[in-house]
K.L.:
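Take a look at the following structure, please.
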2 protein chains.
Amino acid sequence: MQDLLSPEKGDQAALLDRIRNLVLSGEFPPGANLPEAYLAQEFDVSRTPVREALKQLQHEGLVEIRPKVGSFVREPTRREIIELFQLKESLEGLAASLLARRGEVRELGILRRNLDDSEAAAQSRDKEAYARLVHEFHWAIVRGSDNFKLVEHYERLMNQLAYQRLVLRTVEHPGRIAASTQEHRAVLKMIEHKDPFGAESAMRNHVFASSREALATDSTSESKST
Amino acid sequence: MQDLLSPEKGDQAALLDRIRNLVLSGEFPPGANLPEAYLAQEFDVSRTPVREALKQLQHEGLVEIRPKVGSFVREPTRREIIELFQLKESLEGLAASLLARRGEVRELGILRRNLDDSEAAAQSRDKEAYARLVHEFHWAIVRGSDNFKLVEHYERLMNQLAYQRLVLRTVEHPGRIAASTQEHRAVLKMIEHKDPFGAESAMRNHVFASSREALATDSTSESKST
DNA sequence: TGAGAAGATCTTGCATGCAACAAGCCTACG
DNA sequence: CGTAGGCTTGTTGCATGCAAGATCTTCTCA
């Protein structure tokens, strides 16, 4: 990770990323207030571009703006997390299907290498590295779909899931790592076989299984069951 | 349609909708410039909230902001439309699947009534009404999924597709109407049978078929084939 | 006549100022 | 002692002013 509060001035799009990272990294935990004046001073800009960025983040679902009160980091409810995982399953399934249809592309090499690295990380109990590799595996498939609109929606989705917080917890389960790697292999195999239906199915199974784990370990907000 | 340029002052969220409608309705056609000063005067606000709204629309993919130049209505390329239809297929498939899982809910009544009305509209050759009913059918299924995040993403997707422009063209094909109604019936039947897999499959088939038609009639921008 | 450069002009991008409103505090009264 | 009402304070929401940059026009020179 790069320094998150570096005062170097950047672009206007960079400001949005900076503030988003403040939220995603947990620097500002759920419920925290994000005062415009503070952020403006911190990033050495005026309140106007900060306001624009905060509005974007509200639109992305990361921030809640209460009129005349302030901007607060939004805590996704358990129900929302379930909903987002259902979407994740669907979108990643589509991505795997599209990738399988594409044939031999550069992304396959990335995936193969990723799997080898993942197993190495699992063997050496390097949870940090493993979590990162899992993340990269999923992203490689989505990017490999060669559908940029899908990538856009997926990015939005993952931001809303605040994935960085969830993945690490999931990895705590020792049994899950082995199963997850197995499922990744199954997905890759289907893609290599150019089997769109098989790839989609394998991917969806995998996402479903891992979401079960994530939700089991999840301790988010209300216990209001669905 | 309500008056799109009424100068009555509204909320700040209403301003976003107003400008979005200007784009979606075709009042400002693809490629058109959206000058901040003009919009500010037209809606009787200052440039600041207009700027915020335009930035949102850029984020939604409807508008392109060229720095220091201006905001322009974005023309989706043919490739983007294909990508968006792939997403549409996936999301509506998910929606149908989730709805089928829910059992007898209020939405089923809406769908049944919609189908009757659709056939009536088809018989009386009322293309306008038919297009509206098709639109409502799809939305009813998405809303019936009871997954609000899905609804959010779907809304975004449909905005990007500028669906209002496309549907009417599709309906021009006389053979398509009969087939489409047939497919709608098939989807509803699967939902009534509480068959998530069947419903998803039927929905995806339907979306795929109708997207083929839409793309065949489409005359968008570059003919750069994929 | 055509091409290139310099200037004019128009638009955006951002900083700042001010008004409006919400939340918390303090006081007064029951 | 508790509660209700008004005030204070701090923050947001928006209008406006100004500077920077991009485009277009025009002038000059080959």
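A note on names: the letters A, B, ... follow the listed sequences, proteins ahead of strands, and every chain is numbered from 1.
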K.L.:
Of A:Glu52 and A:Val69, whose nearest nucleotide on DNA chain C comes first from the 5' end?
P.N.:
A:Glu52

K.L.:
From the list C:dT12, C:dA15, D:dT12, which nucleotide is the closest neighbour of the side chain of A:Lys68?
P.N.:
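The answer is D:dT12, which lies nearest to the side chain.
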
K.L.:
Distance check needed: C:dC21 C1' versus A:Ile65 CD1, whole Å only.
P.N.:
16 Å

K.L.:
Expressed as a whole number of angstroms, how long is the span from B:Asn33:CG to D:dT23:P?
P.N.:
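Distance check: B:Asn33 CG to D:dT23 P gives 12 Å.
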
K.L.:
Picking from C:dT12, D:dC14, C:dC21, which would you name as closest to the side chain of B:Pro49?
P.N.:
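Side chain of B:Pro49 sits closest to D:dC14.
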
K.L.:
Between B:Phe72 (CZ) and D:dA22 (P), how many Å, whole number?
P.N.:
13 Å

K.L.:
Please report the distance, rounded to the nearest Å, between OH in A:Tyr38 and P in D:dG10.
P.N.:
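Rounded to whole Å, this separation is 19 Å.
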
K.L.:
Checking the side chain of A:Glu80 only, and the main-chain atoms of A:Thr77 only, is there a donor and an acceptor separated by less than 3.5 Å?
P.N.:
yes

K.L.:
Looking at C:dA23, C:dG13, D:dG13, which one has an atom nearest to any side-chain atom of B:Arg51?
P.N.:
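For B:Arg51, the side-chain atoms sit closest to C:dG13.
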
K.L.:
Could you state the atom-to-atom distance from CZ of A:Phe43 to C1' of C:dA15 in whole Å?
P.N.:
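Interatomic distance, CZ of A:Phe43 to C1' of C:dA15: 18 Å.
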
K.L.:
Looking at B:Asn114, B:Leu115, B:Asp126, which one forms a side chain to side chain contact (heavy atoms under 4.5 Å, CB included) with B:Leu133?
P.N.:
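One option only clears the test, and that one is B:Asn114.
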
K.L.:
Reckon B:Ser46 has a side-chain N or O less than 4.0 Å from the OP1 or OP2 of D:dA15?
P.N.:
yes

K.L.:
Are the side chain of A:Arg20 and the backbone of A:Leu57 linked by a donor-acceptor contact shorter than 3.5 Å?
P.N.:
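Not at all, since once roles are kept as given, no pair shorter than 3.5 Å links the two residues.
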
K.L.:
Identify the two heavy atoms, one from B:Leu111 and one from B:Ala140, that lie closest to each other, and give their separation to 0.1 Å.
P.N.:
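Answer, listing the atom of B:Leu111 first, then B:Ala140: CD2-CB, 3.7 Å.
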
K.L.:
For B:Gln41 and D:dT16, give me the distance from atom CD to atom P, rounded to whole Å.
P.N.:
12 Å

K.L.:
Per the atom types in the model, does the base of D:dT12 pair as donor or acceptor with the side chain of A:Ser71 at under 3.5 Å?
P.N.:
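No such pair is found, so the answer is no.
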
K.L.:
In whole angstroms, how far is the C1' atom of C:dC10 from the CD atom of B:Glu36?
P.N.:
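It works out to 12 Å between those atoms.
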
K.L.:
What's the CD-C1' distance between A:Gln58 and D:dT12, to the nearest Å?
P.N.:
13 Å

K.L.:
Using the closest heavy atom to pick a nucleotide of DNA chain D for each, name whichever of A:Leu54 or A:Thr48 lands nearer the 5' end.
P.N.:
A:Leu54

K.L.:
What's A:Arg47 touching, base or sugar-phosphate or nothing? Going by heavy atoms closer than 4.0 Å.
P.N.:
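Base contact - A:Arg47 has a heavy atom under 4.0 Å of at least one base atom.
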
K.L.:
Any idea which heavy atoms bring A:Ala95 and A:Val142 closest together, and the distance?
P.N.:
CB-CA, 3.8 Å

